[in-house]
Number of protein chains: 2
Amino acid sequence: MQSGKSHLRSPGDILQCLRIAGLRPTRQRVALARLLFGGDFRHITAEGLHGEAAGHGTHVSLATVYNTLHQFTAAGLLQEVVVDAGRSYFDTNVADHHHFFYEDSGRLEDISGQAVTISALPAPPDGAQIARIDVVIRLRGRPSEA
Amino acid sequence: MQSGKSHLRSPGDILQCLRIAGLRPTRQRVALARLLFGGDFRHITAEGLHGEAAGHGTHVSLATVYNTLHQFTAAGLLQEVVVDAGRSYFDTNVADHHHFFYEDSGRLEDISGQAVTISALPAPPDGAQIARIDVVIRLRGRPSEA
DNA sequence: GTGATTGCAAATCTTTTGCACTAAA
DNA sequence: TTTAGTGCAAAAGATTTGCAATCAC
């Protein structure tokens with residue numbers, strides 16, 4: 001599995017990222033980007049990020065959190081991880097990798113792309129092309145504390 | 001990928017299945033089981049099954065469809081497939097297998113377990129055990145017609 | 001200024017729940 | 001009968017949308 005290698009971005013980097021993505025560095029977007037990209041890789045839900053922002057004294061409406069998460073995802077700064085119907089997780093690790101999912105706790109943990117080798121793979125049907133391969137290892141039992 | 005091998009169950013088989021699962025063979029459950037298990041393997045949503053039942057002249061409330069899908073899943077007659085946040089698919093193929101997911105159309109297609117070989121796999125952390133491994137190959141472009 | 005962005009509240013969508021009613025055993 | 005199962009309508013979550021107010025440039 002992947003140690004939560006940091007992708008620390010300085011305040012300047014964050015502004016850069018947003019500008020390159022064509023997103024105005026508004027107060028809200030910068031605040032959310034700091035929370036998301038300021039430290040280790042993380043998996044977070046809209047609700048979770050919203051709460052976290054509030055905890056840091058930044059008021060951002062939930063609708064804006066949703067908008068921002070989708071804009072960041074479209075810009076390639078985030079990746080959406082689908083492991084739970086009815087709840088979207090966003091992953092700050094956009095490298096090729098996979099996940100452990102603790103079904104009991106809802107916790108998500110990265111597995112580096114190299115740690116999983118898929119040696120046989122069916123060809124994608126006719127004109128379709130592979131956008132991504134997601135491997136989710138669903139776990140039961142004692143989740144390692146986060 | 002997996003040809004939709006049928007698991008045709010005769011009316012008698014269906015009653016058997018339900019009884020073994022400890023589920024009373026009510027009119028609604030039998031009707032839904034026929035739609036689900038009467039032919040090829042399929043991937044269906046609650047809403048979809050509800051509509052299909054209505055199309056066959058069987059009235060079943062949506063709440064009952066949800067209840068039934070979950071009961072069938074708990075009984076091992078169905079498997080839930082999570083590929084789309086905010087919508088649950090149920091798969092009548094409960095064998096070990098994986099999926100192609102056409103992101104454009106939402107179509108889901110089986111890949112037999114043997115067609116995908118995962119040769120390296122990280123050990124599950126500490127006391128956790130692997131409940132299931134899901135491989136989803138997300139596709140873009142021309143979906144083969146169903 | 002001007003157009004992009006935000007906040008709020010309402011709307012939407014999927015799924016669950018409470019409870020009186022119905023049906024299987 | 002007796003208890004499981006069903007239907008309905010309301011509730012619960014997660015997410016989206018419409019639109020006036022606000023902010024970045």
Side-chain angles (χ1 to χ4, degrees), chain A residues 11-12 14-35 43-54 57-75 77-78 80-90 106 108, chain B residues 11-12 14-35 43-54 57-75 77-78 80-90 106 108:
Chain A
I14 286 177
L15 290 203
Q16 269 302 304
C17 281
L18 294 179
R19 287 231 163 72
I20 289 169
L23 299 169
R24 285 189 184 172
T26 62
R27 192 191 101 250
Q28 292 86 338
R29 294 211 268 236
V30 171
L32 296 178
R34 272 201 191 115
L35 291 172
H43 306 96
I44 200 166
T45 62
E47 195 73 52
L49 183 57
H50 182 246
E52 201 169 296
T58 309
H59 173 81
V60 183
S61 81
L62 187 54
T64 296
V65 172
Y66 274 104
N67 286 337
T68 303
L69 287 172
H70 287 141
Q71 291 155 350
F72 285 7
T73 300
L77 298 173
L78 290 176
E80 195 172 349
V81 182
V82 180
V83 282
D84 185 357
R87 189 186 232 69
S88 281
Y89 287 79
F90 292 85
L108 211 45
Chain B
I14 286 178
L15 291 203
Q16 269 302 305
C17 280
L18 295 179
R19 287 232 163 72
I20 290 169
L23 299 169
R24 284 188 186 174
T26 62
R27 193 190 102 254
Q28 293 84 339
R29 294 211 269 235
V30 171
L32 295 178
R34 274 202 188 114
L35 291 172
H43 306 96
I44 199 165
T45 62
E47 195 73 49
L49 183 58
H50 183 245
E52 201 168 296
T58 309
H59 173 81
V60 183
S61 80
L62 188 53
T64 296
V65 172
Y66 274 104
N67 286 337
T68 302
L69 287 172
H70 288 141
Q71 291 155 350
F72 284 7
T73 300
L77 298 173
L78 291 176
E80 196 172 349
V81 182
V82 181
V83 282
D84 185 357
R87 188 185 232 68
S88 281
Y89 287 79
F90 292 86
L108 212 45

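Order of the sequence lines sets the chain letters (A, B, ...), proteins ahead of strands, with each chain counted from 1. Excluded from the calculations below are hydrogen atoms, water molecules and symmetry mates; all remaining heavy atoms, backbone and side chain alike, are included.
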Peer 1: Quick check for you: among dA25(C), dG7(C), dG7(D), whose closest atom lies nearest to any side-chain atom of Pro25(B)?
Peer 2: dA25(C)
Peer 1: Look at the side-chain N and O atoms of His70(B) and state whether any lies under 4.0 Å from the OP1 or OP2 oxygen of dT14(C).
Peer 2: no
Peer 1: Drop me the distance from Thr68(B)'s OG1 to Leu77(B)'s CG, to the nearest 0.5 angstrom.
Peer 2: 11.5 Å
Peer 1: To the nearest angstrom, how far is Arg27(A) atom CZ from dT6(C) atom C1'?
Peer 2: 9 Å
Peer 1: Between dG7(D) atom P and Leu62(B) atom CG, what is the distance in whole Å?
Peer 2: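 Result: 11 Å.
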Peer 1: Nearest nucleotide by nearest heavy atom, which residue falls closer to the 5' end of DNA chain C, Gly86(B) or Asn67(B)?
Peer 2: Gly86(B)
Peer 1: Report, as yes or no, whether the 6.0 Å neighbourhood of atom CD on Gln16(B) holds more than 12 heavy atoms from other residues, nucleotides or ligands.
Peer 2: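 Result for CD/Gln16(B): open.
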Peer 1: Starting at atom CG of Asp84(A), determine the distance to atom P of dG13(D), rounded to an integer number of angstrom.
Peer 2: 14 Å
Peer 1: Can you tell me how far apart CG (Leu35(B)) and CD1 (Ile44(B)) are? Round to the nearest 0.5 Å.
Peer 2: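 Atom-to-atom, Leu35(B):CG and Ile44(B):CD1 are 7.5 Å apart.
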Peer 1: Return the value, rounded to whole Å, for the distance between atom CG of Leu69(B) and atom P of dT6(D).
Peer 2: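 Going from CG in Leu69(B) over to P in dT6(D) covers 12 Å.
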Peer 1: So, OP1 or OP2 of dT6(C): does either fall under 4.0 Å of a side-chain N or O from Arg24(A)?
Peer 2: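 Indeed not, no polar side-chain atom of Arg24(A) lies that close.
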Peer 1: Strictly distance-based, threshold 3.5 Å: is any side-chain N or O of Arg29(B) a donor or acceptor partner for the main-chain N or O of Arg24(B)?
Peer 2: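 Here the side-chain-to-backbone pair exists.
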Peer 1: Out of dT15(D), dG5(D), dG7(D), which has the shortest distance to the side chain of Ser88(A)?
Peer 2: dT15(D)
Peer 1: Could you tell me whether the side chain of Val83(A) reaches within less than 4.5 Å of the side chain of Val82(B), counting heavy atoms only?
Peer 2: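 Val82(B) does not reach Val83(A) side chain to side chain.
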Peer 1: For DNA chain C, determine which residues of residues 43-54 of chain A have any heavy atom closer than 4.0 angstrom to one of its atoms, and list them numerically.
Peer 2: none
Peer 1: Consider the side chain of Ser61(B), meaning its heavy atoms from C-beta on, and name the nucleotide among dT17(D), dA25(C), dG7(D) that approaches it most closely.
Peer 2: dG7(D)
Peer 1: For the side chain of Tyr66(B), counting heavy atoms from C-beta on, which of dT14(C), dG7(D), dA24(C) is nearest?
Peer 2: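 The listed nucleotide nearest to Tyr66(B)'s side chain is dT14(C).
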Peer 1: Might you point out which heavy atoms bring Arg27(B) and His59(B) nearest each other, and give the distance in Å?
Peer 2: NH2-O, 2.8 Å
Peer 1: I want to check one thing: is the phosphate of dC13(C), taken as OP1 and OP2, less than 4.0 Å away from some side-chain N or O of Arg87(B)?
Peer 2: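 False: Arg87(B) side-chain N/O out of range (4.0 Å or more) of dC13(C) OP1/OP2.
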Peer 1: Rounded to the Å, how far apart are Tyr89(A) OH and dT15(D) C1'?
Peer 2: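 Roughly 16 Å, once rounded to whole Å.
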Peer 1: If I take atom CG in residue Leu32(A) and atom P in nucleotide dG7(C), what distance separates them, rounded to the nearest angstrom?
Peer 2: 9 Å
Peer 1: Got a donor-acceptor contact below 3.5 angstrom from the His50(B) side chain to the Val60(B) backbone?
Peer 2: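 Yes, His50(B) side chain to Val60(B) backbone: donor-acceptor pair under 3.5 Å.
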Peer 1: Rounded at 0.5 Å granularity, tell me how far CG in Asn67(A) sits from CZ in Phe72(A).
Peer 2: 11.0 Å
Peer 1: What is the separation between atom NE2 on His59(A) and atom C1' on dA21(D), rounded to the nearest whole Å?
Peer 2: 13 Å
Peer 1: If you only use heavy atoms from C-beta on, which nucleotide in dG7(C), dG7(D), dA24(C) is closest to the side chain of Gln28(A)?
Peer 2: dG7(C)
Peer 1: Taking CG from Leu18(A) and P from dT6(C), how many angstroms apart are they, rounded to a whole number?
Peer 2: 10 Å
Peer 1: At under 4.0 Å, does any side-chain N or O of Arg19(B) touch on OP1 or OP2 of dA25(C)?
Peer 2: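 For dA25(C), OP1 or OP2 has a side-chain N or O of Arg19(B) closer than 4.0 Å.
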Peer 1: OP1 or OP2 of dG5(D) sitting under 4.0 Å from any side-chain N/O of Thr26(B)?
Peer 2: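 Thr26(B) to dG5(D) OP1/OP2: no side-chain N or O under 4.0 Å.
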Peer 1: Examine dA4(C): is either OP1 or OP2 under 4.0 Å from a nitrogen or oxygen in the side chain of Arg29(A)? Give yes or no.
Peer 2: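 So the side-chain polar atoms of Arg29(A) never come under 4.0 Å of the phosphate oxygens OP1 or OP2 of dA4(C).
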